[in-house]
Chemist: 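This is the structure I have questions about; it appears just below.
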Protein chains: 2
Amino acid sequence: MNTPTLTKNQTLVLDVLTRSEAPVSAYTILDKLRDQGFRAPLQVYRALDKLIEMGIAHRLESLNSFVACAHANESCCGHGHGHGHHGTVAFAICESCGQVNEFHDHAIDDRLNGWAKDRKFKPSKTTIEIRGLCEACMH
Amino acid sequence: MNTPTLTKNQTLVLDVLTRSEAPVSAYTILDKLRDQGFRAPLQVYRALDKLIEMGIAHRLESLNSFVACAHANESCCGHGHGHGHHGTVAFAICESCGQVNEFHDHAIDDRLNGWAKDRKFKPSKTTIEIRGLCEACMH
DNA sequence: TTCGTTGTGTTATTCTATAACGTGTGGCAT
DNA sequence: ATGCCACACGTTATAGAATAACACAACGAA
């Protein structure tokens, strides 16, 4: 019920994201895929665009980097990948170790949607990113 | 009780931000200040860093652009500029006209802080940006 | 077959941000 | 006053992120 068949480049890029512990920049992806024949940034960006469009990957705006979606097969509220979305996704990013924690919170969604509705603002994409220190990295 | 006296460059940059209806990129700021003697990006970035540090300006991560703080003299909850923060600020950005609406919502703050506290994650900076269409730009 | 769509590859260019120097000034302790 | 330090400022060069513009190949639908 998932992946609408990925192309070769999309698969390669997704693999890099999946294998990485931390977010990866487009140019880092490029470097990691030179051996597989990648030569230009566009090859990476095009694959990323599709993956993000499919909801399989996310872009971290505050880092200019990318991660694989952590909820690939999840359906906490009747939403898998196939149809809709699990609302807006939020990220907690450790500035020390780089680890990213992806989560979603309906109360926040409701709040933001409420604000938007009140002002007749039509949201297309919402970004929530918390930068800070994870427990392991605090001294 | 405000501005801890801005330097010349900081004042110039803030003026550009204040006068602009929409977010401005660093290089656009640079161009607008060439007449006042600006010649290099760093002059802009350094001023921006300070302004942001003071809470007088904000960076929009999803746009790589900057805006003047809309709450400069506000104290909705006992917080002005001087001491602390009015929690986390959120932005609604119209992708058509570029207008930005800055707001803050304690329920969201509480929710995010709760999530962080549960996981012993220590937030340093939180980004919330809603991209979409404002009422005026919907057809 | 023919056409349109989609993925691809390549070169060049634009936009965003920082590194690494060096200069000048104002405070302030001695 | 002298020496020192912090800090704003200026400049050149470079790194990092993203897109423009063009060309080609594979594939399915009409």
Side-chain angles (χ1 to χ4, degrees), chain A residues 3-17 20 22-54 56-67 91 93 95 98 100 125 127 129 131, chain B residues 3-17 20 22-54 56-67 91 93 95 98 100 125 127 129 131:
Chain A
T3 53
T5 56
L6 301 179
T7 70
K8 182 178 142 220
N9 284 4
Q10 288 161 15
T11 307
L12 288 168
V13 169
L14 182 57
D15 281 357
V16 171
L17 292 182
S20 172
V24 198
S25 77
Y27 277 71
T28 302
I29 296 174
L30 174 57
D31 286 340
K32 296 201 177 192
L33 291 178
R34 292 217 186 260
D35 292 345
Q36 340 288 322
F38 272 51
R39 325 220 69 214
L42 258 183
Q43 300 176 276
V44 176
Y45 283 110
R46 290 204 270 235
L48 283 171
D49 285 346
K50 296 295 181 184
L51 293 173
I52 291 170
E53 190 179 312
M54 297 182 212
I56 303 176
H58 299 292
R59 175 194 173 88
L60 298 181
E61 300 288 352
S62 69
L63 291 178
N64 293 331
S65 297
F66 306 85
V67 291
F91 303 91
I93 305 164
E95 298 187 296
V100 171
K125 206 229 168 187
T127 299
E129 296 176 16
R131 316 248 327 229
Chain B
T3 52
T5 57
L6 301 179
T7 69
K8 181 178 142 221
N9 284 3
Q10 288 161 16
T11 306
L12 288 168
V13 169
L14 181 57
D15 281 356
V16 171
L17 293 182
S20 172
V24 198
S25 78
Y27 278 72
T28 302
I29 296 173
L30 175 58
D31 286 340
K32 297 201 177 192
L33 291 178
R34 293 215 187 262
D35 292 346
Q36 340 288 323
F38 273 51
R39 324 222 68 212
L42 228 59
Q43 300 177 276
V44 176
Y45 282 111
R46 287 205 271 236
L48 283 171
D49 285 347
K50 295 296 179 184
L51 293 173
I52 290 170
E53 191 180 311
M54 297 182 214
I56 302 176
H58 299 292
R59 175 195 173 87
L60 298 181
E61 300 288 352
S62 68
L63 292 178
N64 293 331
S65 297
F66 306 84
V67 290
F91 303 91
I93 304 165
E95 299 187 298
V100 172
K125 205 228 170 186
T127 300
E129 296 175 16
R131 315 256 318 238

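The chains referred to below are lettered A, B, ... by the order of the sequence lines, with proteins before strands, and numbering in each begins at 1. A quick note: this is a predicted structure, and the numbers were derived from the prediction, not measured. Only heavy atoms go into these numbers, but all of them, side chains included; no hydrogens, no water, no symmetry mates.
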Chemist: What's the CD-P distance between B:Q43 and C:dT16, to the nearest Å?
Modeler: 17 Å
Chemist: Determine: side-chain N/O of A:T7 to OP1/OP2 of C:dT8, distance under 4.0 Å, yes or no.
Modeler: yes
Chemist: Hey, which sits more toward the 5' end of DNA chain C by its nearest nucleotide, B:L63 or A:A40?
Modeler: A:A40
Chemist: Can you tell me if the side-chain N/O atoms of A:R39 get under 4.0 Å from OP1 or OP2 in C:dA12?
Modeler: no
Chemist: Got a salt bridge between A:R46 and A:D49, using NZ or NE/NH1/NH2 to carboxylate O under 4.0 Å?
Modeler: no
Chemist: Check the distance between D:dG10's C1' and B:N9's CG and give it to me in whole angstrom.
Modeler: 9 Å
Chemist: Could you state the OH-C1' distance from B:Y45 to D:dT11, rounded to the nearest angstrom?
Modeler: 16 Å
Chemist: Starting at CG of B:L42 and ending at P of D:dT12, how long is that distance when rounded to a whole Å?
Modeler: 13 Å
Chemist: Return the value, rounded to whole Å, for the distance between atom CG of B:D31 and atom P of C:dT16.
Modeler: 10 Å
Chemist: Do any side-chain nitrogens or oxygens of A:R59 fall under 4.0 Å of OP1 or OP2 in D:dA17?
Modeler: no
Chemist: Let's test your reading of the model: under 3.5 Å, does the base of D:dA15 pair with the side chain of A:Y27 as donor and acceptor?
Modeler: no
Chemist: Going through the checks in order, is the side-chain contact (heavy atoms from CB on, under 4.5 Å) test met by B:N9 and B:L33?
Modeler: CA-CA 10 Å; B:N9 284 3; B:L33 291 178; over 6 Å; no
Chemist: Could you state the interatomic distance from CD1 (A:I52) to CZ (A:F66), rounded to the nearest 0.5 Å?
Modeler: 5.0 Å
Chemist: So does B:N64 get a side-chain nitrogen or oxygen closer than 4.0 Å to the phosphate oxygens (OP1/OP2) of D:dA18?
Modeler: no
Chemist: Expressed in angstrom and rounded to an integer, what is the separation of A:I29 atom CD1 from D:dG16 atom P?
Modeler: 15 Å
Chemist: To the nearest Å, how far apart are A:L12 CG and C:dG7 P?
Modeler: 15 Å
Chemist: Under 4.0 Å from OP1 or OP2 of C:dT16: is there any side-chain N or O of B:S25 that close?
Modeler: yes
Chemist: Regarding B:E129 and B:S62, is there a side-chain donor-to-acceptor distance under 3.5 Å anywhere?
Modeler: yes
Chemist: Go nucleotide by nucleotide along DNA chain C from the 5' end; which of B:R46 and B:F66 gets its closest nucleotide reached first?
Modeler: B:F66
Chemist: May I have the distance from B:L30 (atom CG) to C:dT18 (atom P), rounded to whole angstrom?
Modeler: 15 Å
Chemist: Ignoring backbone atoms, test whether A:K50 places a side-chain nitrogen or oxygen under 4.0 Å from the OP1 or OP2 oxygen of C:dG7.
Modeler: yes
Chemist: Heavy atoms, side chains only, cut-off 4.5 Å: are B:L6 and B:L51 in contact?
Modeler: yes
Chemist: Would you kindly compare B:K8 and B:P41 by the position of their nearest DNA chain D nucleotide and give the one closer to the 5′ end?
Modeler: B:K8
